[in-house]
Protein chains: 2
Amino acid sequence: MEPTDRKWPTIYDVAREAGVATSTVSRALTNPGRVNARTRDRVVEVAQRLGYRTNPLAQALPSGRTRTVALCVSDITNPHFFGIIRGAEQQARAAGCTLILSDTEESPDLEAANIERLSGSVDGFVIAASRMSDQQIGELTGRHRLTLISRQVSGVPSTIVDHEDGTRQIIEHLASLGHRSVVYAAGPRRSWLAAKRWHAIRTIARKLGLAATRLGPFPPAVRGGAAAADATLGQGATAVIAHNDLLAIGMLRRFSDRAVHVPGAISVVGYDDIFGADFCSPPLTTLAGQFDEAGRLAIDLLLGTRDGTRPPQAENQVVLPSHLVVRGSTGPAPS
Amino acid sequence: MEPTDRKWPTIYDVAREAGVATSTVSRALTNPGRVNARTRDRVVEVAQRLGYRTNPLAQALPSGRTRTVALCVSDITNPHFFGIIRGAEQQARAAGCTLILSDTEESPDLEAANIERLSGSVDGFVIAASRMSDQQIGELTGRHRLTLISRQVSGVPSTIVDHEDGTRQIIEHLASLGHRSVVYAAGPRRSWLAAKRWHAIRTIARKLGLAATRLGPFPPAVRGGAAAADATLGQGATAVIAHNDLLAIGMLRRFSDRAVHVPGAISVVGYDDIFGADFCSPPLTTLAGQFDEAGRLAIDLLLGTRDGTRPPQAENQVVLPSHLVVRGSTGPAPS
DNA sequence: AAATCGACTGCAAGCGGTTGCCAAACTTTG
DNA sequence: CAAAGTTTGGCAACCGCTTGCAGTCGATTT
């Protein structure tokens, strides 16, 4: 006796039992204003009694609305995405939608392939930290409904945490501690964020009269930290901004292994304020943002369910505030 | 011009273009042996040229097979689940299936509601660390196909990491360091694992001649650590086994805040070896298991795609090995 | 009282595939 | 060369729900 063999009642069963046509059942359940109140009550009562559940597939087939959205993340093991995933899941559920999760493993091709594969099963895509090129994304926009997180492409809705202003906060913080130069341990070549962050760092450092050097790229993971740390030491730098917290944590470990004192000899800053940033040693100074909110908003943008309390933004490109969390990994520049 | 307005070609388009019936197209694409090779090639070529993509909804409707599975986790922000999620996602994709993610936020009711809501859209459920009662799960089994992770219920397929043997490793380790008693900082009252772990701890401790005390329950999260740490100190214990690494890390922080030296004054052990267990301070001694493998296997069990290289187990209840990772948070008992 | 108008509800045609059954075409066999 | 057996491919009936169109019937208007 297989569980799946058991047949669920359909609107035909309900219709027969209630003595009406299936169309009436359908309308009573989805479009209540369209049928007489008494009829509706009877239909609802019968449906209830029979344990009727509308079949989402059959519902989606004629209408084309699957009430399902896909969330694509570039690396599911990166804690940075937790907040995004949770926020998206919550908001999707609140909107009566189901969330499909797709791990694209840092590969633009897998990303595109997954989207292709899932189109048809979903109403749209939220793509977090896409590794695809602007052009690829542009082409996709013509065929699918999509929203970006941590990425901006002209004409595509997106939510992003304010990394420009955040970078300013980071560099002002380092400058105020007396650092005269910064190193950026860069993320993947494909990463749009890495490019933007480097650009922001260079611009703002110049404005504040600091020198800026870029090293890398390094894999944005803990294991990338050793090489990044060694390269940084090779520069004789006093402060390093890591592409993200994973890399920063990896660097902290390497510095510790090499008996380089943080922040005494070198200050380290990360981005994202991920799980663990507060209890690594020393605790990491990092740029925090509301990523769960980014996930929620991205779903809203996708579904067009954004509440009216937020001011609309140009091109639906939302920028969320960021703030620097200063912890033990940054300190005065060595003299 | 909405992206979704663009119509995808259907088998009707392909059939017309190739000069065959839709049934032939369908067979050529899904049941290649059933049509002539030449016809098949032509159909495939036309489908290719038109950019035909089979509509998964339409395909699922008659067959009832959605090629989609749901993964329910009790708390999506708990890094413990990362491995499970990633493993499940990989295996599902390998089996040509799509993964739906459902966060049940530690609530048995939300868990049941989500399952009810998703039934009809999925072929089955993988439920990780279910908070439901054995009875609830038993009832569900009658209606849905499901597989459990980190939970055993008679008659339901499951994968679990060997916590009994793992607990033995933990207690032998503590005993070998000279500890004469252990405290268990328990997880949620609803947690099946918490009950099992306590049972294992008590049994094994008795066998080795150690005293065992249970404290709690505490929320299995970092924030639960402060209360757990304080309660443990109140017991004058020299070793504490936390319900999971999150709790353990929270305890480490509290001990640090209260200037209680770990492992000098007290040793701390966790379960799961989550992200962060290796870089908290001191690094955490914890029981590691292959949770990604648990996720993969659960999907296999669910879909019936388990490869034959593994020996079948009674009732399809797979137990994966665990091993203790000794780090800095455990040391000799204070004299 | 006849004509007009709404409010309900039913009919039936899809949505895009799958599949049992059957007939035509082709092969093999005696 | 006819009979029997195999392929091959088309017809049509679903899967369960939505929705445009039209018919029914009591209520309102003139």
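Values in this document were obtained by computation on a predicted structure and should not be read as measured data. Convention: sequence-line order gives letters A, B, ...; per-chain numbering from 1.
- A donor-acceptor contact shorter than 3.5 Å links the side chain of B:T66 to the backbone of B:S121.
- A donor atom on one side chain and an acceptor atom on the other are found under 3.5 Å apart for B:T98 and A:R117.
- Between A:D13 and A:R16 there is a salt bridge, with a side-chain nitrogen of the basic residue lying less than 4.0 Å from a carboxylate oxygen of the acidic one.
- Between the CZ atom of B:R40 and the P atom of D:dT7 there is a distance of 14 Å, given to the nearest Å.
- Put simply, CG on B:L57 is 14 Å from C1' on D:dT18, counting in whole angstrom units.
- Distance, B:N36 CG to D:dT6 C1': 13 Å, rounded to whole Å.
- One cannot find a donor-acceptor pair under 3.5 Å joining the base of D:dC15 and the side-chain atoms of A:T10.
- For the OP1/OP2 pair of C:dT18 and a distance below 4.0 Å, the side-chain nitrogens and oxygens of B:Q59 include at least one atom meeting the criterion.
- C:dG16 atom P lies 14 Å from atom CG of B:L50, rounded to whole Å.
- The interatomic distance linking A:R34 (CZ) with D:dT18 (C1') rounds to 12 Å, in whole Å.
- A donor-acceptor pair under 3.5 Å is absent between the side-chain atoms of B:S107 and the main chain of B:T104, judged by distance alone.
- We find that CZ of A:R67 is positioned 16 Å from P of D:dC17, with the value rounded to whole Å.
- The separation between B:L61 atom CG and C:dT19 atom P is 12 Å, rounded to whole Å.
- Under 3.5 Å, the side chains of A:S74 and A:E105 contain no donor-acceptor pair of N or O atoms.
- Out of D:dA12, C:dA12, C:dG16, the shortest distance to the side chain of A:S23 is found at C:dA12.
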Please list each protein N or O that sits under 3.5 Å from an N or O in nucleotides 25-28 of chain C, with the distance.
none

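- Regarding contacts with the backbone of D:dC17, every side-chain N or O of A:T22 stays at 4.0 angstrom or more from both OP1 and OP2.
- Residue contacts for A:V20: at a heavy-atom cut-off of 4.0 Å it reaches the sugar-phosphate backbone alone, with no base atom in range.
- Here the rule is side-chain contact (heavy atoms from CB on, under 4.5 Å) with B:V122, and of B:V69, B:I100, B:L71 only B:I100 fits it.
- The CZ atom of B:R65 sits 16 Å away from the C1' atom of C:dT19 (whole-angstrom rounding).
- The shortest distance between side-chain heavy atoms of B:I160 and B:I149 does not fall below 4.5 Å.
- The side chain of A:P62 sits closest to C:dG14 out of C:dT19, D:dG10, C:dG14.
- For D:dC17, the base has no donor-acceptor partner in the side chain of A:S63 [N/O atoms by modelled type, under 3.5 angstrom].
- Here the closest heavy-atom approach between residue A:T159 and residue A:A294 is recorded as OG1-O, 3.2 Å.
- Toward the 5' end of DNA chain C, the nearer of the two residues B:R53 and A:A21, judged by each one's closest nucleotide, is A:A21.
- For a distance-only test at 3.5 Å, the side chain of B:R27 qualifies as a donor-acceptor partner of the base of D:dG10.
- Contacts between residues 113-122 of chain A and DNA chain D, counted as heavy-atom distances below 4.0 Å, involve no residue at all.
- The side chain of A:Y52 sits closest to D:dC17 out of D:dC17, D:dG10, C:dG10.
- Rounded to the nearest 0.5 Å, atoms OG (A:S102) and CG (B:L101) are 12.0 Å apart.
- For the pairing with B:I11, the side-chain contact (heavy atoms from CB on, under 4.5 Å) check across B:V43, B:V25, B:T24 returns one residue only, B:V25.
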